[in-house]
Amino acid sequence: MTKQFGFVKGYIAAAALLAVVLCGIPAKGQDLVPVGDITGGSSVFVFRTASKSSPKGYTKSKVVRTKKERIETARKVSKQYVTLAKVTPRRERTQSVDPNDPRLPNIPRMSKDEASKLFAGVGEYYMDRDDFDHAIDFFRESVTLDKVNVRARSGLSEALALKGNDLLVKDGAGAARKFFQEALTYNPKNSPAYFGLAEIFSDLDDDKEAVKNYEAALSNDKDLTEIYVPLGILYYQQGLIAKAEPLLTKAMATTAGNNDPQTQFFVGLIRYSQGKDT
């Protein structure tokens, strides 16, 4: 009886030790690891085994951002861009025109370029109020009247991209894609349009295209620091730790990043892969 009891105690101790060891190993396959088991929260991270080879020295698992996290990223990037653009416009703007301006009824008697400028001005009025639907309508009419109106074209591009990001925030990625693609036809340097396409490609697990578009977004607007996290995550997933670390570390250094569980989580994974405790 005493021997049997000792065997049971030894078995329990071994099982407990094994559980502790397993908890320190990144999950593989399609395991769902409830964050609530660690933090008391209710969200989950989804782990999928990466198809690419892992860097020598550690085992890398692909961690998929949840839909909620993607939506939150789109919201942050869109908000940051709009805030930045109101302080320092990202394009050359037409003077704003109130939709009740008395000149508008006389548009049929104006020259096309004059009417185009007036419509573009109304588009700017709606952009100032984040009314992207009306802005698109007026900028589009402006471009139709004068295809070489550069300010109208860039205004239309910006309105289309921000409308697309609004759709991403509302979980409408399928509808958003055409807005981003059209936005780039009017301005091939449109950062929010590249960001939006990157999010769509990332959701489709097309990492190569996602990285290319995230990088294009940052290349055309280095102040869009909210892109650091999704791009850093993709670098991490591809084993590009040297590229992932500076982006996620910079993100972590901000007040928002220091309070963001997603950023904290991936910085932790990087530290773990480097064999660091902090």
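Scope of the values below: all heavy atoms of this structure, side chains included, with no hydrogens, waters or symmetry mates.
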Check your understanding: Does the Arg151 side chain pair with the main chain of Asn149, one donor and one acceptor, at a distance under 3.5 Å?
Key -> no
Study note, to complete from the structure: OH of Tyr235 to CG of Leu248, rounded to nearest 0.5 Å, is 11.0 Å
Review point. Does Lys212 have any side chain to side chain contact (heavy atoms under 4.5 Å, CB included) partners at least two apart in sequence or in another chain, and if so, which?
Key: Glu209
Review point. Hey, is the main chain of Glu199 close enough, under 3.5 Å, to the side chain of Asp203 for a donor-acceptor pair?
Key: no
Check your understanding: So do the side chains of Glu215 and Ser219 get within less than 4.5 Å of each other, counting heavy atoms only?
Key -> no
**Study point:** NZ (Lys76) with more than 12 external heavy atoms under 6.0 Å
**Key:** yes
Point to revise | Geometric cation-pi criterion, Arg129 with Tyr125: 6.0 Å, 45° | key: yes
Check your understanding: Is the side chain of Ser202 donor-acceptor paired with the backbone N or O of Ala210 at a distance under 3.5 Å, no angle test?
Key -> no
**Study point:** Spatial distance of atom OH (Tyr214) from atom CG (Asp207) [nearest 0.5 Å]
**Key:** 9.5 Å
Study note, to complete from the structure: To the nearest 0.5 Å, atom OG1 of Thr94 lies from atom CD of Glu92 at 8.0 Å
Review point. Can you find a pair of side-chain heavy atoms, one from Leu162 and one from Met127, that are under 4.5 Å apart?
Key: yes
Point to revise | Derivation and outcome, side chain to side chain contact (heavy atoms under 4.5 Å, CB included), residues Leu184 and Tyr194 | key: CA-CA 8 Å; Leu184 290 171; Tyr194 283 118; 3.7 Å; yes
Exercise for review: Please report the shortest heavy-atom distance between Ile136 and Ala159, naming the atom on each side.
Suggested key: CG1-CB, 3.6 Å
Check your understanding: Is the shortest side-chain N to carboxylate O distance from Asp171 to Lys68 below 4.0 Å?
Key -> no
Review point. If you take all heavy atoms of Pro105 and Arg109, which pair is closest and at what distance?
Key: O-NH2, 4.0 Å
Review point. Counting only N and O atoms by type, is there a donor-acceptor contact under 3.5 Å from the side chain of Tyr126 to the main-chain atoms of Pro99?
Key: no
**Study point:** Separation of Asp146 CG from Ser116 OG (nearest 0.5 Å)
**Key:** 4.5 Å
Check your understanding: Are Thr73 and Arg70 close enough that some pair of their side-chain heavy atoms sits under 4.5 Å apart?
Key -> no
Exercise for review: Examine Val169 and Val77 and state if one hydrophobic cluster contains both, with Ile, Leu, Val, Met, Phe, Trp and Tyr joined whenever side-chain heavy atoms are less than 4.5 Å apart.
Suggested key: no
**Study point:** Connected via hydrophobic side-chain network under 4.5 Å: Met110 and Leu145
**Key:** yes
Check your understanding: Side chains of Met252 and Gln264: does their closest heavy-atom pair fall under 4.5 Å?
Key -> yes
Review point. If we only count heavy atoms from C-beta on, is the Phe180 to Asn165 side-chain gap below 4.5 Å?
Key: yes
**Study point:** NZ/NE/NH1/NH2 to OD/OE distance under 4.0 Å, Arg140 and Glu182
**Key:** yes
Check your understanding: Less than 4.0 Å between a side-chain N and a carboxylate O, is that true for Arg91 and Glu158?
Key -> yes
Review point. Can you name the nearest heavy-atom pair linking Thr254 to Ala251, along with the distance?
Key: OG1-O, 2.7 Å
Check your understanding: Taking a hydrophobic cluster as the set of Ile, Leu, Val, Met, Phe, Trp and Tyr residues connected by side-chain heavy atoms closer than 4.5 Å, whether directly or through intermediates, do Leu118 and Leu156 fall within one such cluster?
Key -> no
Point to revise | Residue list, side chain to side chain contact (heavy atoms under 4.5 Å, CB included) with Gln80, at least two apart or on another chain | key: Leu84, Leu224, Thr225, Glu226
Point to revise | Distance in Å, Lys208 NZ paired with Phe201 CZ, rounded so as to fall on 0.5 Å steps | key: 12.0 Å
Point to revise | Heavy-atom donor-acceptor pair, Asn190 side chain to Ser157 backbone, under 3.5 Å | key: yes
Practice item. Mind listing the closest non-hydrogen atom pair of Gln262 and Arg65 along with its distance? Key: OE1-CD, 2.7 Å
Exercise for review: Would you kindly confirm whether Leu167 and Tyr186 end up in one hydrophobic cluster when ILVMFWY residues are joined by side chain heavy atoms under 4.5 Å apart?
Suggested key: yes
Exercise for review: Indicate the atoms forming the closest heavy-atom contact of Ala173 with Ile200, along with that distance.
Suggested key: O-CD1, 3.6 Å
Point to revise | Sub-4.5 Å side-chain heavy-atom contact between Lys117 and Val97 | key: no
**Study point:** Worked check of side chain to side chain contact (heavy atoms under 4.5 Å, CB included) between Leu240 and Leu234
**Key:** CA-CA 9 Å; Leu240 303 174; Leu234 274 182; over 6 Å; no
Check your understanding: Rounded to the nearest 0.5 Å, how far does CD of Glu141 lie from CG of Asp137?
Key -> 9.0 Å
Point to revise | Phe138 with Val150, same ILVMFWY side-chain cluster at under 4.5 Å | key: no
Study note, to complete from the structure: All heavy atoms of Arg271 vs all of Thr249, minimum pair found to be NH2-OG1, 3.7 Å
**Study point:** From CA spacing to verdict: salt bridge (Lys or Arg N to Asp or Glu O under 4.0 Å), Asp130, Lys86
**Key:** CA-CA 11 Å; Asp130 299 336; Lys86 286 181 177 178; 3.5 Å; yes
Review point. Any donor-acceptor pair under 3.5 Å linking the side chain of Ser78 with the backbone of Arg75?
Key: no
